[in-house]
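Worksheet for the structure shown next.
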Amino acid sequence: MHRDDPARPGDGPMDLHAVRDVSRAISSAHLFVYFAPEGAQEAAALGVTDRGTAYLALRSAAMGAVPWQAVLAAFYNFSPRAVETMAGAWDAAPPERWQAARFTAVGRAMRRVGVRLTDADLAEARSLIDPVVAGADYAGKVLAAANASVALPADPLVALWQQMTVAREWRGDVHNVVLADNGLGPCDCLVLHTATGGLPVPLARATRQWNDEEWSAATARLAARGWLDSNAAITDAGTAARERIEVETDEHCAALWAPIGDAGARRLAALVAPVTDAFTAAGTFRAVTSRTDDSRTDDSRTDVSGTDGFRTDRSRQVPASVR
């Protein structure tokens, strides 16, 4: 952070707009790993060609050889039937090899699309993200804690990506707690998410595998709360409730970013933007954004910050997270 920055750590409470902005930027810069072909290629090299199993194993590898039920608990909005498919992933290869494969995929993908960060930019980004990761409170943050325990790779681009992954999963872990505190179970939060237009229902159903009965029951619960109308469209009350949940998540995340303050958070967001820009230019997110756009009947942009599904960022119009 520059000496002449007007806001420094300790100057006062974090601006929640800065918290939201850096969270989106970090999530967007992390996201390509779920869409770049290198991930599937590295999984195939380990003997796994099913995309769902590969996603689950690559993302949960930092947790170690845990049973699929532990992954289900951490990922929150997946159905048990979606996650139990990964039961043999650790037989195909141990978690350490899955984690190494993830790093290899990330490095290959970043260089294929020409991510351009100078040595100075990398050093400055690390000077900002490292104290965030080092100072974070990991109590109850399972995925974040697991990723923080992983040794950073030698590749400086991939090391930065892994530090961003820790921060991204930290917000996701917190968001799950906020969802539960607001009485939104795994299927309910996904139905609400699709009602905002942030995720096409067919894609949500295909990846999370909630059946018709479960989906209908969740829809009915949300309607009983006044958050959906009789046509399963989101109401004003539902929109307000969803934003309130996001604000609560931001409030929790203010402590995460406090070590670098508002100016540091905004500077980090700017430094990592070229990662998202490079993958957007390469068309990495095109399939998902086109499916999202095709599912909508209006021109409003989507934002699904804090859930773990294919989601789009309101400010950048690319998927912002997969949880």
| Do N182 and E248 have side-chain atoms, one donor and one acceptor, less than 3.5 Å apart? | yes

| How about Y55 and R51: does a side-chain donor come under 3.5 Å of a side-chain acceptor? | no

Are the side chain of [X] and the backbone of [Y] linked by a donor-acceptor contact shorter than 3.5 Å?
X    : Y    : value
W257 : D262 : no
T85  : A82  : yes
S79  : Q209 : yes
R97  : L46  : no

| Identified side chain to side chain contact (heavy atoms under 4.5 Å, CB included) counterpart of H252 within the set D173, V174, V177 |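 Filter result, single survivor: V174.
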
| query | Is it the case that R205 places NZ or CZ above or below the six-membered ring of W215, under 6.0 angstrom from the centre and within 45 degrees of the axis? | reply | yes

| For W227, is the NZ or CZ atom of R225 found under 6.0 angstrom from the centre of its six-membered ring and inside 45 degrees of the ring axis? |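 Because its charged atom sits under 6.0 Å from the ring centre and within 45° of the axis, R225 does stack over W227.
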
| message | Looking at R102 and E96, is there a salt bridge between them, counting it only when a charged N and a carboxylate O are closer than 4.0 Å? | response | no

| query | Does a side-chain N-to-carboxylate-O contact under 4.0 Å join D121 and R116? | reply | no

First locate atom [atom1] of [X], then atom [atom2] of [Y], and finally report the distance between them rounded to the nearest 0.5 Å.
X    : Y    : atom1 : atom2 : result
L190 : T207 : CG    : OG1   : 7.0 Å
D250 : D15  : CG    : CG    : 10.0 Å
I260 : M14  : CD1   : CE    : 7.0 Å
L199 : R208 : CG    : CZ    : 7.0 Å
M63  : Q99  : CE    : CD    : 12.0 Å
M86  : R59  : CE    : CZ    : 11.5 Å

| task | Decide yes or no for F32 and T276: does some side-chain heavy atom of the first lie under 4.5 Å from some side-chain heavy atom of the second? | result |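 The answer is no; the side chains never approach within 4.5 Å.
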
| said: Side chains of R221 and V191, heavy atoms from C-beta outward: is any pair under 4.5 Å? | reply: no

| request: Sorted by first residue and then second, give each side chain to side chain donor-acceptor pair (under 3.5 Å) pair with at least one member in residues 36-47; sequence neighbours left out. | output: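 Residue pairs with at least one partner in residues 36-47: E38-R112, Q41-R108, E42-R108.
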
